[in-house]
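One structure below.
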Amino acid sequence: MSSAIFNFNASYQSLGNSFFEWVKPTPVQAPHLLLFNNSLSKELGLTLNIANDKDGSVEQILSGNKLAEGSQPMAQAYAGHQFGYFTMLGDGRAILLGEHISPGQQRFDIQLKGSGPTPYSRRGDGRATLKAMLREYLISEAMHGLGIPTSRSLAIVTTGEKVYREEIQDGAVLTRVMQSHIRVGSFEYVNHYLTKEDLNTYTKYTLARHYPSAAVENPALSLLKEVLIQQVHLIVNWMRVGFIHGVMNTDNMSIAGETFDYGPCAFMNRYDPSKVFSSIDTNGRYAFANQPGIAHWNLSCLANALLPIIHDNQEQAVELAKEILNLFPDLYTQSYTAMMAAKIGFPKNQLSDEVVELIKELLNWMKENQADYTNTFLQIQSVLFPEGIYAGSFFTDWLKKREALLNKQGSSVAQAKELMQSQNPLVIPRNHWVEKVLDSVALTGDLTSFNAFLKVLQTPYQPITGIEIYQAPPENGDGFYATYCGT
Ligand code: AMP
Ligand code: MG
């Protein structure tokens with residue numbers, strides 16, 4: 001008998017079985033461990049030994065064919081607003097193996113995604129395609145490298161089974177690691193389908209799990225405020241790197257403030273506030289510049305779900321919730337402005353009206369000239385050779401104006417550069433590269449190009465050798481590049 005791989009310690013099940021369904025992963029035909037995240041495994045303190053996995057027990061466990069010691073698998077219930085409309089959802093193709101306690105005493109959900117049907121699958125098959133799981137693995141690890149809160153990817157196991165989508169594809173199971181999978185939509189589920197007492201219990205549970213130092217006099221208001229602060233932090237970070245989530249439904253907004261659900265997301269090349277990649281987002285609801293507004297809207301859904309326990313008098317409850325929700329615009333604007341200022345080299349204590357004006361001028365010019373979002377800041381940082389629009393008069397004049405302002409405010413180009421290096425990634429997962437490396441794995445099974453790209457993305461602020469090839473934007477912009485949900 002081997003020692004346990006995960007240090008499981010269940011807490012979610014104490015909520016009672018109206019919050020989830022017990023369900024085991026459905027075994028797959030021929031599991032094969034394709035990718036394994038050694039550094040994450042180490043961080044989690046796992047004793048998964050893939051180098052010496054003679055009996056294949058790692059792939060057996062991470063495919064769902066065998067249960068890890070201590071695992072009590074379940075599918076969680078949740079609801080959500082999808083593109084503005086409320087609906088019942090739940091883990092339809094994901095199964096929570098358990099909650100792992102790391103050596104640092106942090107609690108992490110260990111979840112298999114693509115592990116077979118559950119009572120929440122509706123008409124879905126509970127499975128995932130290899131390509132979609134590779135995409136999630138690559139981009140979530142890139143987000144982590146960028147310093148942005150995110151779900152992590154521990155492993156991908158191919159199943160040896162086909163998955164039927166528009167075309168027949170190879171199937172795979174991803175092991176997803178998150179602080180928890182509690183979503184805004186989880187609270188909407190509890191409020192809509194369970195009792196007020198359940199809502200109270202769930203709120204206290206979530207507050208203790210994610211915000212243990214928050215005030216507890218009014219747990220619902222405390223939770224709303226903490227989630228709001230984390231969302232501001234998260235969205236500002238997305239805006240910093242040009243990330244478009246693509247499907248910010250309330251079921252895809254984590255209470256702990258982590259990015260997750262990597263279905264239709266993509267990074268913007270040319271700066272365009274109205275940019276949308278998702279093929280189903282025809283009205284641009286989740287366009288780049290709409291993300292803060294949508295986060296605010298989603299938070300109002302959370303507030304709405306919490307109303308019954310904010311105050312017995314519902315009018316007063318609404319007033320109290322509004323007080324918190326109304327913090328969002330100013331908090332976001334402050335945080336966004338500080339972030340953009342840092343991207344052009346001005347620290348927090350130098351946020352003058354002139355800096356704000358300088359940012360506006362730059363963004364307007366970028367939009368008019370379809371400037372590459374990532375590379376424009378690298379131009380300001382003098383990392384890339386100035387050619388094309390960057391050798392033109394607007395940009396050179398703007399740089400001079402910026403330098404004068406830096407000097408006037410007691411800073412310098414050199415100091416600015418240091419600050420900018422921590423804000424402006426040298427590389428992002430550009431769509432044409434993402435597609436190229438995914439195709440290469442999907443078509444030939446060869447991981448060389450995938451791993452090379454992954455390695456660069458894991459340290460996106462480091463000028464490592466060979467990075468240049470990933471820095472060039474696609475020649476014709478993003479053209480008709482589109483992404484898809486739930487593949
Ligand atoms: P998503 O668009 O990924 O946020 O998923 C929305 C809902 O659809 C969730 O309840 C998912 O669990 C469910 N779902 C997505 N894909 C599948 C699938 N292949 N089989 C079963 N349920 C799915
Ligand atoms: Mg989802």
Side-chain angles (χ1 to χ4, degrees), residues 19-21 23-26 28 64 73-96 109 111-137 139-140 143 150-151 153 159 161-174 176-178 180-190 192-193 234 244-266 277-282 285-286 294-295 298 301 482-487:
F19 290 81
F20 59 86
E21 298 277 350
V23 51
K24 290 198 178 87
T26 307
V28 303
M74 62 165 73
Q76 292 177 334
Y78 57 87
H81 277 84
Q82 297 192 308
F83 291 89
Y85 298 97
F86 182 78
T87 177
M88 177 60 199
L89 296 158
D91 287 331
R93 58 157 168 180
I95 290 174
L96 180 67
D109 273 6
Q111 192 198 60
L112 297 184
K113 186 168 171 184
S115 50
T118 77
Y120 306 111
S121 295
R122 290 166 293 168
R123 283 184 298 276
D125 58 2
R127 293 298 184 191
T129 66
L130 171 60
K131 224 173 138 181
M133 296 306 95
L134 285 167
R135 197 164 197 281
E136 170 155 350
Y137 191 109
I139 300 185
S140 63
M143 290 294 268
T150 176
S151 66
S153 299
T159 59
E161 293 177 4
K162 296 294 176 195
V163 176
Y164 299 86
R165 298 292 182 260
E166 262 121 66
E167 50 197 40
I168 299 176
Q169 294 201 38
D170 290 332
V173 176
L174 175 95
R176 178 159 74 178
V177 181
M178 268 184 98
S180 86
H181 287 81
I182 302 173
R183 313 137 193 265
V184 168
S186 310
F187 283 87
E188 295 181 283
Y189 164 75
V190 180
H192 204 268
Y193 297 102
L234 184 66
I244 303 173
H245 183 282
V247 64
M248 290 176 69
N249 295 332
T250 57
D251 54 301
N252 294 333
M253 186 192 263
S254 111
I255 289 292
E258 293 181 306
T259 313
F260 83 123
D261 197 317
Y262 283 95
C265 70
F277 287 107
S278 171
S279 57
I280 59 166
D281 191 5
T282 40
R285 180 181 169 90
Y286 300 136
I294 288 292
N298 288 350
C301 290
T483 54
Y484 301 88
C485 279
T487 40

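Order of appearance sets the numbers: ligands from 1, and atoms from 1 within every ligand. Along the sequence shown, residues are numbered consecutively beginning with 1.
Looking at T159, its side chain does come within 3.5 Å of a backbone N or O of G171 through a donor-acceptor pair. A side-chain donor-acceptor contact under 3.5 Å links R93 to the backbone of R127. With hydrogens and angles disregarded, no donor-acceptor distance shorter than 3.5 Å links the side chain of T259 to the backbone of T150.
Aromatic ring pairs are classed by plane angle as parallel below 30°, tilted from 30° to 60° and perpendicular above 60°; the pair H181 and F260 is perpendicular.
Ligand 1 places these atoms under 4.0 Å from at least one heavy atom of R165: 19 (N). Per-residue contacts place G124 under 4.0 angstrom from the following atoms of ligand 1 (heavy atoms of the residue considered): 20 (N), 21 (C). Interface atoms of ligand 1 facing G126, defined by a heavy-atom separation under 4.0 Å, are 18 (C), 19 (N), 20 (N), 21 (C). Every atom of ligand 1 with a heavy atom of Q82 under 4.0 Å away is listed here by number and element: 6 (C). Numbered from 1 in the order shown, with element, the atoms of ligand 1 that lie under 4.0 Å from a heavy atom of N252 read 4 (O). Heavy-atom contacts of D251 reach the following atoms of ligand 1: 4 (O) (cutoff under 4.0 Å). Per-residue contacts place R122 under 4.0 angstrom from the following atoms of ligand 1 (heavy atoms of the residue considered): 7 (C), 8 (O), 9 (C), 10 (O), 13 (C).
A donor-acceptor pair shorter than 3.5 Å cannot be found between the side chains of Q76 and S186.
Of the heavy atoms in Y78, only side-chain atoms (C-beta onward) come closer than 4.0 Å to ligand 1.
Taking the ring centroids of F83 and Y286, they lie under the 6.0 Å cut-off.
Residue Y120 has no N or O atom closer than 3.5 Å to an N or O atom of ligand 1.
The Mg ion (ligand 2) has an N, O or S atom of N252 under 2.8 Å away, backbone or side chain.
Atom OD2 is the N/O/S atom of D261 found closest to the Mg ion (ligand 2).
Between D261 and K113 there is no salt bridge, since no side-chain N of the basic residue sits under 4.0 Å from a carboxylate O of the acidic one.
Judged by the shortest distance from any of its heavy atoms, G263 lies outside the 4.0 Å radius around the atoms of ligand 1.
Pairs of residues two or more places apart, or lying in two chains, that qualify as salt bridge (Lys or Arg N to Asp or Glu O under 4.0 Å) and include a residue from residues 83-92 are D91-R183.
Here the shortest heavy-atom distance to atom 21 (C) of ligand 1, taken over G92, G185, A94, belongs to G92.
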